[in-house]
Amino acid sequence: MPELPDVDGFRRYFARYAAGHHVAAVEVADRDLVRNTDPQGLARRLVGRRFSTPRRHGKWLIAPTGGPELLLHFGMTGLLVYSARDLEPHRHDRVTLVLAEGRLRYRNMRRLGGIWVAGSPAEREAATGPLGPDALEIEANEFVQLLERRRGGIKSALMDQRLVAGLGNLLSDEILWRARIHPRRPVARLRRDRLERIHDAMRQVLRAANRHRRVPPIAGWLTGARNAQDPRCPRCGSRLRRATVAGRTAAWCPRCQRR
DNA sequence: TTGCATGTTCCGGA
DNA sequence: GTCCGGAACATGCA
């Protein structure tokens, strides 16, 4: 699931159910998903703490407590599930935050991603690795400046979390489709006005996707067309192309997005 | 059984 | 130093 809009949904979900609440206990069903400490260490650092307002940077959810921060990454299949009562856990519930009023579960089928605790910005950066500015926050000028130094293809640049944080495979394709730029287009051959157009498309796509808490697979979106039996461009009706670009399956319209 | 899936990381090579 | 592709990680589904 998770790209930026999904994680932003989790941020709001966390804010609703966990912010302002004290941690009574932490239950770890899969200790491998607690990445930089063990279950005892996680409990020792969190129990008794109270979560304040969470924030998001790229695909990371950061939950401060006044003491250490809890860092969550959702990989490709992670999500949060709250329940007021102690229901039977789902088989993919890896870590449960037991709050005084209910339980917030970190569920993750494929076990990519995980949970970290950080007591300082240095510890946080050790977990997240270098991250560029958040894709929803970055202004056009800075976006253009970052890309102007970049070689290689545009799709690979958009997906690089060190450059801009938050974009994954579906979002990158959606943005490039909306901006009418071929995913393999070398960044060096994109003029400033084209980069600005990509930035604009990025903002529009992210704002709309955030309202859906996902990249919506609906009419008028590439994501709503790319997995059809006979995938067609929602704008011009051309047959969509599929190929591996920057290590992932890209979808684009050969008519709207010329090389 | 095989290929593919919205994540990141690491390695080798250009 | 940059960038890319491929493999690895892990699990389930078509």
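The chains referred to below are lettered A, B, ... by the order of the sequence lines, with proteins before strands, and numbering in each begins at 1.
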- Does the side chain of A/Arg12 pick up a donor-acceptor pair with the side chain of A/Asn210 at under 3.5 Å?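 No - no donor-acceptor pair under 3.5 Å links their side chains.
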
[X] bridged to [Y] by N-O distance under 4.0 Å:
X	Y	result
A/Arg213	A/Asp6	no
A/Arg105	A/Asp86	yes
A/Arg232	A/Asp230	yes

- Task: Would you mind telling me which residue lines up with the more 5' stretch of DNA chain B, A/Met159 or A/Thr249, judged by nearest nucleotide?
- Result: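 With A/Met159 and A/Thr249 compared, the 5'-side residue is A/Thr249.
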
Output the rounded distance in Å from [atom1] ([X]) to [atom2] ([N]).
X	N	atom1	atom2	result
A/Trp116	B/dT8	CH2	P	11 Å
A/Ile154	C/dC3	CD1	P	12 Å
A/Arg151	C/dG1	CZ	P	12 Å
A/Asp173	B/dA5	CG	P	11 Å
A/Arg242	B/dG3	CZ	P	16 Å
A/His73	B/dT8	NE2	P	5 Å
A/Leu71	B/dT8	CG	P	15 Å
A/Met76	B/dT9	CE	P	14 Å

Could you tabulate the donor-acceptor pairs under 3.5 Å formed by side-chain atoms of residues 145-153 of chain A, not counting sequence neighbours?
residue: A/Arg150; atom: NH1; partner: A/Asp160; partner atom: OD2; Å: 2.9
residue: A/Arg150; atom: NH2; partner: A/Asp160; partner atom: OD2; Å: 3.3

Under 4.0 Å, counting only non-hydrogen atoms across every strand here, what does [X] touch: a base, just sugar-phosphate, or nothing?
X	answer
A/Arg35	nothing
A/Thr223	nothing
A/Gly153	sugar-phosphate
A/Gly152	sugar-phosphate

- Task: Check DNA chain B for consecutive Watson-Crick or G-U pairs with both distances under 3.5 Å and list the runs of at least three as stems.
- Result: B:2-5 with C:11-14, B:7-14 with C:2-9

- Query: Closer than 4.0 Å, any side-chain N/O of A/Ser156 to the OP1 or OP2 of C/dC3?
  - Reply: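 A/Ser156 to C/dC3 OP1/OP2: no side-chain N or O under 4.0 Å.
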
- Query: What residue pairs, at least two apart or across chains, pass side-chain hydrogen bond (donor to acceptor under 3.5 Å, both in side chains) with a residue in residues 249-259 of chain A?
  - Reply: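 As it turns out, the side-chain hydrogen bond (donor to acceptor under 3.5 Å, both in side chains) pairs with a partner in residues 249-259 of chain A, which skip direct neighbours, are A/His182-A/Trp252.
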
- Going by heavy atoms closer than 4.0 Å, what residues in residues 209-217 of chain A are next to DNA chain B? none

- Message: Using a 4.0 Å cut-off on heavy atoms, which residues in residues 161-172 of chain A reach DNA chain B? List them by number, or say none.
- Response: A/Gln161, A/Gly168, A/Asn169, A/Leu170

- Starting at the 5' end of nucleotides 6-14 of chain C, put B wherever the base has a protein heavy atom under 4.0 Å, S where only the sugar-phosphate does, and a dash everywhere else. ---BBBS--

